[in-house]
Peer 1: 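This is the structure I have questions about; it appears just below.
Throughout, residue positions are numbered sequentially from 1 according to the sequence presented.
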Amino acid sequence: HYFSLREMMGLKGAAVYCPRSSASDLSIMLKNFDGMEDKVPQNRNIIDVGAGEEFTFGRHQVRVIDVSHRITSVGYTFIERKKKLLPEFVGSSPDTIAAARKSGVTVDGVVNRQVLTYIGDSTIDTLVHHPDVGQSEVLIIESTHMGDFSPEESAQMGHTHLDQLVDLWGKDPNGALAAKHIVLKHFSLRYKDHQIREYVNDLPEGLRSRISLLL
């Protein structure tokens with residue numbers, strides 16, 4: 001759908017990033033869609049990535065993380081890199097900084113700011129293994145099940161239970177769920193929107209106040 005819309009509108013540069021193990025099947029699927037629509041198969045830009053790799057996306061660097069799910073999956077952390085004055089030069093005059101720079105003194109360094117982490121379908125193990133995602137300003141994660149549904153059954157299906165998020169936060173509030181904004185998504189169709197809101201409203205204040213729902 002993404003490629004078709006862009007092609008119909010004459011837009012260039014469409015690309016899709018996916019796990020390396022999925023790239024070949026994805027390309028075959030797209031060619032089969034072309035066949036179904038009686039179109040000449042297109043060579044589309046499928047970019048395969050693996051956990052631990054980084055790539056440039058616009059003005060951000062993107063770090064790929066491995067995701068625990070029933071199939072091979074990855075997540076993405078968008079990183080903004082900026083130059084920042086070293087502490088010893090903070091408050092110095094422009095002339096002082098310029099003179100130091102001209103003399104060959106290093107006056108600034110690179111600061112990484114994790115802007116956003118997106119994780120698709122996942123078990124709680126992803127957050128357990130990657131607590132560093134909590135450094136992101138925005139963390140987008142799933143919460144498929146809640147209430148009386150068993151967390152163990154949720155994990156077997158490759159998903160996360162809301163209670164598991166609460167437990168993880170309780171063990172380490174400064175860990176994987178320390179992000180300023182947490183966006184929950186991918187709720188099971190067994191729940192109505194008002195039920196989801198009720199479950200989330202019952203969460204501890206320190207966690208609830210930072211949660212937004214993608215319903």
Peer 1: With side-chain contact (heavy atoms from CB on, under 4.5 Å) as the criterion, how do Arg44 and Asp34 come out once you've worked through the C-alpha distance, each side chain's angles and the decisive distance to 0.1 Å?
Peer 2: CA-CA 11 Å; Arg44 297 189 173 91; Asp34 286 335; 2.9 Å; yes
Peer 1: For Asp66 and His130, work out which heavy atoms get closest and say how close.
Peer 2: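 Heavy atoms of Asp66 and His130 come nearest at OD1-NE2, 2.8 Å.
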Peer 1: Running the 4.5 Å side-chain criterion over Ile, Leu, Val, Met, Phe, Trp and Tyr, what cluster does Val16 land in, apart from itself?
Peer 2: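 In the cluster with Val16 are Tyr2, Phe3, Leu26, Met29, Leu30, Phe33, Met36, Ile46.
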Peer 1: Which is it for Ile79 and Arg63 under the side-chain contact (heavy atoms from CB on, under 4.5 Å) test, yes or no, and what are the steps along the way?
Peer 2: CA-CA 7 Å; Ile79 302 168; Arg63 180 182 303 132; 3.2 Å; yes
Peer 1: Once the angle between the rings of Phe149 and His161 is folded into 0 to 90°, is it parallel (under 30°), tilted (30 to 60°) or perpendicular (over 60°)?
Peer 2: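 Taking His161 first and then Phe149, their aromatic rings lie parallel (interplane angle under 30°).
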Peer 1: Could you please spell out the steps behind the side-chain contact (heavy atoms from CB on, under 4.5 Å) verdict for Leu168 and Gln164?
Peer 2: CA-CA 6 Å; Leu168 184 64; Gln164 294 175 311; over 6 Å; no
Peer 1: I need the full list of side-chain hydrogen bond (donor to acceptor under 3.5 Å, both in side chains) pairs touching residues 205-215, with sequence neighbours left out, sorted by first then second residue.
Peer 2: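 Listed once each, the pairs are Glu205-Arg208.
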Peer 1: With Tyr76, which of Ile65, Thr117, Val49 fulfils side chain to side chain contact (heavy atoms under 4.5 Å, CB included)?
Peer 2: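 Of the listed options, the one satisfying the test is Val49.
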Peer 1: Please name the pair of heavy atoms, one in Ala179 and one in Ile182, separated by the smallest distance, quoted to 0.1 Å.
Peer 2: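 For Ala179 and Ile182, the tightest heavy-atom pair comes out as O-CG1, 4.1 Å.
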Peer 1: Quick one: do Lys180 and Glu137 make a salt bridge, cutoff under 4.0 Å?
Peer 2: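 A salt bridge is absent here (no side-chain N lies under 4.0 Å from a carboxylate O).
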Peer 1: With a sphere of 6.0 Å drawn around CG of Asn43, does it hold more than 12 non-hydrogen atoms of other residues, nucleotides or ligands?
Peer 2: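 Not buried by this count: 12 neighbours or fewer within 6.0 Å.
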Peer 1: Between the side chain of His129 and the main-chain N/O of Asp125, is any donor-acceptor distance below 3.5 Å?
Peer 2: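 Looks like yes, one N/O pair under 3.5 Å.
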Peer 1: Could you give the distance from CG (Asn174) to CH2 (Trp169), rounded to the nearest 0.5 Å?
Peer 2: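 These two atoms lie 10.0 Å from each other.
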Peer 1: Determine the sole option in Leu127, Ile140, Thr77 for which the side chain to side chain contact (heavy atoms under 4.5 Å, CB included) test with Ile119 is passed.
Peer 2: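 Between Ile119 and the candidates, side chain to side chain contact (heavy atoms under 4.5 Å, CB included) is satisfied uniquely by Leu127.
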Peer 1: Minimum heavy-atom separation for Gln114 and Asp132, please, with both atom names.
Peer 2: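 Shortest heavy-atom separation between Gln114 and Asp132 comes out as NE2-O, 3.2 Å.
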Peer 1: Is a salt bridge present between Arg20 and Glu53, judged by a nitrogen-to-oxygen distance below 4.0 Å?
Peer 2: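 Yes, this pair counts.
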Peer 1: Same cluster for Ile211 and Tyr118 if Ile/Leu/Val/Met/Phe/Trp/Tyr side chains link at under 4.5 Å?
Peer 2: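 Hydrophobic grouping puts Ile211 apart from Tyr118.
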Peer 1: Considering residues at least two apart in sequence or located in another chain, which fulfil the side-chain hydrogen bond (donor to acceptor under 3.5 Å, both in side chains) criterion with Asn112?
Peer 2: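 Here the qualifying residues are Arg81.
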Peer 1: Cluster question for you: counting only ILVMFWY and a side-chain heavy-atom cut-off of under 4.5 Å, with indirect links fine, are Ile141 and Ile196 together?
Peer 2: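 The answer is yes; both residues are in one hydrophobic cluster.
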Peer 1: Got a sec, which residues hit side-chain hydrogen bond (donor to acceptor under 3.5 Å, both in side chains) with Arg190, two or more places apart in sequence or on another chain?
Peer 2: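 Once residues adjacent in sequence are excluded, the partners of Arg190 under the side-chain hydrogen bond (donor to acceptor under 3.5 Å, both in side chains) criterion are Ser188.
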Peer 1: side-chain contact (heavy atoms from CB on, under 4.5 Å), that's the test. Do Thr160 and Leu165 meet it? Break it down for me.
Peer 2: CA-CA 8 Å; Thr160 298; Leu165 296 175; 3.9 Å; yes
Peer 1: Applying side-chain hydrogen bond (donor to acceptor under 3.5 Å, both in side chains), name anything that partners Gln195, two or more places apart in sequence or on another chain.
Peer 2: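 Gln195 satisfies side-chain hydrogen bond (donor to acceptor under 3.5 Å, both in side chains) with no other residue.
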Peer 1: Take atom NZ of Lys39 as the centre, draw a 6.0 Å sphere, and report whether it contains more than 12 heavy atoms from other residues, nucleotides or ligands.
Peer 2: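 Counting other residues, nucleotides and ligands, NZ of Lys39 exceeds 12 neighbours.
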Peer 1: Taking NZ in Lys185 as the centre, count heavy atoms belonging to other residues, nucleotides or ligands within less than 6.0 Å. Is the count above 12?
Peer 2: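 Yes, NZ of Lys185 has more than 12 neighbouring heavy atoms, counting only those of other groups under 6.0 Å.
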Peer 1: How far apart are the closest heavy atoms of Ala23 and Cys18, and which atoms are they?
Peer 2: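 Shortest heavy-atom contact: CA-SG, 3.7 Å.
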Peer 1: Which heavy atom in Gly75 sits nearest to a heavy atom in Val67, and how many Å separate them?
Peer 2: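 For Gly75 and Val67, the tightest heavy-atom pair comes out as N-CG2, 3.3 Å.
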Peer 1: Kindly give the heavy-atom pair with the smallest separation between Pro19 and Ser73, and that separation in Å.
Peer 2: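 Smallest interatomic distance, heavy atoms only, reads CG-CA, 4.2 Å.
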Peer 1: Are Ser68 and Ser122 close enough, and set up right, to give a side-chain hydrogen bond (donor to acceptor under 3.5 Å, both in side chains), and what steps lead you there?
Peer 2: CA-CA 5 Å; Ser68 173; Ser122 168; 5.8 Å; no
Peer 1: Determine which pairs satisfy side-chain hydrogen bond (donor to acceptor under 3.5 Å, both in side chains) with at least one residue from residues 91-108, sequence neighbours left out, and list them in order.
Peer 2: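 Listed by first then second residue: Ser93-Thr96, Arg101-Asp108.
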Peer 1: Look up atom CZ in Phe78 and atom NE2 in His60, then write down how far apart they are to the nearest 0.5 Å.
Peer 2: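 If I round to the nearest 0.5 Å, the distance is 8.0 Å.
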Peer 1: Hey, would you say the Phe55 and Tyr17 ring centroids sit under 6.0 Å apart?
Peer 2: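 Yes, ring centres under 6.0 Å apart.
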Peer 1: Ser154 vs His145, test: side-chain hydrogen bond (donor to acceptor under 3.5 Å, both in side chains). Steps then yes/no.
Peer 2: CA-CA 7 Å; Ser154 184; His145 301 114; 2.8 Å; yes
